[in-house]
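The figures that follow rest on heavy atoms only: side chains count, while hydrogens, waters and symmetry mates do not.
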Amino acid sequence: MKTQILIAALFFGGLVTAQQKKDSLKVNAIDAVNIKKQVFKKQGDRLVYDVASSSIAKGTNTFNLLKQTPMISSIDGKTLKILGKNDAVIYINNKKTNMDSEALIEMLKSTPSEDIQKIEVITVPGSEFQVESKEGVINIVMKKSKNNGYNGTLKMQNEQAFYNNPNAGASFNFRQGKWSGNSNFRTGSWTDRQRYTLSNGDPTFRNESYGFNDDPNKNFGGGFNVDYEINKKHSLGFSYNMRYNKSFNSVLDITNWQNGVLNNRTVNNEDAQTRNHSFNLNYEMKTDSLGSRLTSNISYLWFNRDKVSFNESFPLTNDTINKYSALHQSVPQIINNYAANIDYLKKTAKGATWLMGISYNHTNTDNDTKQDKLIGTDFVIDPKQTNHFIYKENILGIYLNYERKLTEKISGKIGARYEMTRSTGEILKKTGFERNYNNLLPYLNLNYAINSDHNLSYTFSSRIRRPRFWELNPSRTYFTPTNYTQNNPFVLASKFYNQELNYMYKNAFYANLSFNMVEDASASDMLPLQGTLTAPERDKNGNIVYGPDGNMIMRTTRFLRYIRTNYGKNRELALTLGMNKSWFKDIWTTNYSVNLGYVTYKGGVWEDPTSQLGQYESESLDPYIIDVKNYNMSATINNIIRLSSKKDWFLGVNYFFASQTAMEGGMIGARQSFDLSLKKIAGDWTIVAEVSDLFNQSFYRVKGVQPNGKYNNITNFNYPRLMSIGVTYNFGNQKLKKTREMKSANDAVKSRT
């Protein structure tokens, strides 16, 4: 409670100070007015952070700059959140980025902040954006100039967590007459270290597991864009992006205890490779001098992930029930996506804007999972877990937006997106299904500029969330033979209704009130299902064992199965209070925000749609009941302090706190992170030293208890403290105009790989 009171005091103290100074800022004489460009302001459906007018946007990278942007935060250095909860989709110059999430973060960390003109935060995106659920959009607007020439960036960085992780990258841009282009390359290696503590059971039974996971990775990626200006009205562009990740010799080592007695040890060795190639051909035609234009795209995406693993369980007791067991598993996934779209933006002389478009996506996923288990001295195919799953999806989307200024103070935007989805899934020689549905997704935004100091806006949007392709693949990932995750091909799309009320004062203080409703909700993480499986006892050759009375000897084992599935509905009410302001002639720049939330989750899971029982087998599943009501809060406090008058030394002091938060799978423990950074700018060179999560407090803990007394607890300690030092060198003409960013027709599919 003391932490929450202190954070609230900091925020409201700044608000009161600003109000007291209001009269002192008035200037009566026109010839004495000093115009200062607004760094942070509300424009229509978005909040705009004018990076070029901010003193902190020098000598850093785009990812670090985003973390300092109002409403945006990152606690793990790998993901970006809007308002502390919503996932962020990255656009560049109003075009969605054309790469997977890990490659995107690498690209942002290698892009110098000097290239950025402004950052737009759209908490509830309009119908033209290809987003799902309650995702927000971060639109990065690059600087533009018509100068010919070239420039580039070289960067090297070394990170020290549990292991040492080096990486490097380079980018090159050119412009000459009608031709322009850019290319980038990134490479690195890192090893993730995680320590697990797992416990589950009920008042009569207790299972505990302890272990670790070492996951080494080697990665390289890159791409290029080429743009040709045919004439002043017509442009043609082509882009290619790729990424390769190799993770061999990943080891998961778990030791298991039952009722306080040492039981067995499970070791899982895994090799995995991921390849991603995407191509896009873009054509743009300007139709008038007002900014109207026609844009068309043809895209192709090929994604492939190969994973093979060997799982062994060693008995650590002398009883006859726990025997040595082993299994091999191969889980390949191939995704082919073909997409096309046409957009037309029409601007009128009266200031209105029409935006209309049509898109088509065809996706084919091929998941040929093979699994065998040790029977006697031989490995034989496990027919229940060996399957060939083919999923095909066709999505036709049509959208229309209309935006205009109604009066001097009131502006609005209204639109809708209509999506027709036709999909089929087939587990060859086993079962199949169809998913056909149509969705009309309306959108409304009203903005009222009360006066120069006060702005009020309301936004409504409806979206759906389709399951990710890897979530549909009916394969398992094992911790132990009876503790594993299970994907679910029968997950339904969820429907989201999002509302938001936003108020901004003096372009420095803001309040954001949101309300979200979800139908056919699926858990944000997997749900832990517990139960028992009864099956015939088998000898070392796999034959059923019979007792003296001639009846089969049955064996009952407990299992803990994490699955993805729909469970019911949820509601979320949230209030965000924030401040972005500079003090003492921009020596001290602050970005503070407090998020207060109330959530309810209602529903349950009474059967497992993924169960596959063999002959003579039976399963008893304990119902998983979800009835959660929870208050939560989080806070982000970012400070940048200029240490020298030459603006070449900067100190960063940041703090993040999140209270306990209830989710569908249980109560997530409180987390916090204290970060420090020191930056030195020396001409074209920038050196940055950082320490993230100095006190190792941002790891994952969850405790879940059911009404019947069954519980499931997880602690995943991923050694979050990270120390790094990076050196960046910028060369060439830094005022070079960037290549025209091109929208890819299969943007929506990339986020689901």
Side-chain angles (χ1 to χ4, degrees), residues 10-57 68-72 82-83 116-124 126 136 138-139 141 291 347 350-353 403-414 444-459 500-514 575-594 638 640:
L10 284 171
F11 174 79
F12 287 111
L15 182 61
V16 171
T17 302
Q19 183 66 41
Q20 291 173 342
K21 292 181 179 179
K22 182 177 181 179
D23 293 337
S24 65
L25 293 177
K26 293 180 179 179
V27 179
N28 295 321
I30 295 178
D31 57 359
V33 172
N34 292 320
I35 299 176
K36 183 177 180 180
K37 194 170 183 179
Q38 296 174 342
V39 175
F40 184 52
K41 56 188 174 181
K42 185 76 165 63
Q43 286 186 344
D45 62 347
R46 62 199 64 191
L47 291 155
V48 179
Y49 184 40
D50 197 332
V51 173
S53 302
S54 174
S55 61
I56 70 171
Q68 297 292 332
T69 300
M71 294 191 176
I72 302 175
I82 296 178
L83 298 174
I116 310 303
Q117 176 66 39
K118 60 183 177 180
I119 296 171
E120 300 175 341
V121 182
I122 310 171
T123 54
V124 183
I138 299 173
N139 183 38
V141 180
K347 293 190 174 183
K350 295 183 178 181
T353 300
E403 182 177 9
R404 67 165 298 171
K405 193 172 184 179
L406 303 176
T407 69
E408 286 300 314
K409 293 186 176 182
I410 300 175
S411 60
K413 181 177 179 180
I414 188 170
L444 173 67
N445 172 260
L446 294 173
N447 192 74
Y448 178 37
I450 303 170
N451 55 42
S452 59
D453 287 343
H454 303 270
N455 186 281
L456 186 66
S457 66
Y458 168 79
T459 309
E500 181 180 281
L501 186 65
N502 182 276
Y503 167 72
M504 178 167 285
Y505 173 63
K506 297 182 75 69
N507 291 307
F509 303 89
Y510 59 89
N512 188 286
L513 181 65
S514 63
L575 173 66
T576 299
L577 303 174
M579 173 184 72
N580 180 264
K581 192 170 179 61
S582 295
W583 313 83
F584 311 115
K585 297 182 179 181
D586 294 335
I587 293 176
W588 177 28
T589 301
T590 57
N591 173 23
Y592 296 166
S593 66
V594 179
N638 293 332
I640 297 293

(message) Checking K413 now: which residues fulfil salt bridge (Lys or Arg N to Asp or Glu O under 4.0 Å) with it, not counting sequence neighbours?
(response)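 Partners of K413 by the salt bridge (Lys or Arg N to Asp or Glu O under 4.0 Å) criterion, ordered by chain and then number, come out as D45, E128.
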(request) Just jot down the salt bridge (Lys or Arg N to Asp or Glu O under 4.0 Å) partners of E403, sequence neighbours excluded, or say none. (result)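 For E403, no residue satisfies salt bridge (Lys or Arg N to Asp or Glu O under 4.0 Å) once neighbours in sequence are set aside.
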(request) Quick one: do Q117 and D50 satisfy side-chain contact (heavy atoms from CB on, under 4.5 Å)? Show the steps, please. (result) CA-CA 7 Å; Q117 176 66 39; D50 197 332; 3.8 Å; yes
(request) Indicate yes or no: at least one non-hydrogen side-chain atom of K581 is less than 4.5 angstrom from one of F509. (result)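 The answer is yes, as the side chains (C-beta and beyond) meet within the 4.5 Å cut-off.
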(message) Using side-chain heavy atoms (C-beta onward) and a distance below 4.5 Å, is Y49 in contact with K118?
(response)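 Side chain of Y49 against side chain of K118, heavy atoms only: no contact under 4.5 Å found.
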When rounded to the nearest 0.5 angstrom, what is the spacing between [atom1] in [X] and [atom2] in [Y]?
X    : Y    : atom1 : atom2 : result
Q68  : I119 : CD    : CD1   : 10.5 Å
Q43  : S457 : CD    : OG    : 12.5 Å
N591 : N580 : CG    : CG    : 5.0 Å
N455 : I450 : CG    : CD1   : 7.0 Å
Y458 : L444 : OH    : CG    : 6.5 Å
N512 : Y503 : CG    : OH    : 13.5 Å

[X] and [Y]: which non-hydrogen atoms are nearest, and at how many Å?
X    : Y    : value
E120 : R46  : OE1-NH1, 2.7 Å
Y592 : Y510 : O-OH, 4.3 Å
N507 : K42  : OD1-N, 3.7 Å

(message) Walk me through whether T69 and V121 qualify under side-chain contact (heavy atoms from CB on, under 4.5 Å).
(response) CA-CA 9 Å; T69 300; V121 182; 4.1 Å; yes
(request) In sequence, state the C-alpha distance, the side-chain angles, and the governing distance for W588 and S582, and then conclude on side chain to side chain donor-acceptor pair (under 3.5 Å). (result) CA-CA 6 Å; W588 177 28; S582 295; over 6 Å; no
(request) Would you please name every residue forming a side chain to side chain donor-acceptor pair (under 3.5 Å) with T459, sequence neighbours left out? (result)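 T459 satisfies side chain to side chain donor-acceptor pair (under 3.5 Å) with N445 once adjacent residues are dropped.
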(request) Can you label the angle between the H454 ring and the Y505 ring as parallel, tilted or perpendicular, going by 30° and 60°? (result)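 Taking Y505 first and then H454, their aromatic rings sit tilted (interplane angle of 30° to 60°).
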(request) Please name the residue in the list L47, L513, L456 that meets the side chain to side chain contact (heavy atoms under 4.5 Å, CB included) test with N502. (result)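 Among L47, L513, L456, the one that satisfies the side chain to side chain contact (heavy atoms under 4.5 Å, CB included) with N502 is L47.
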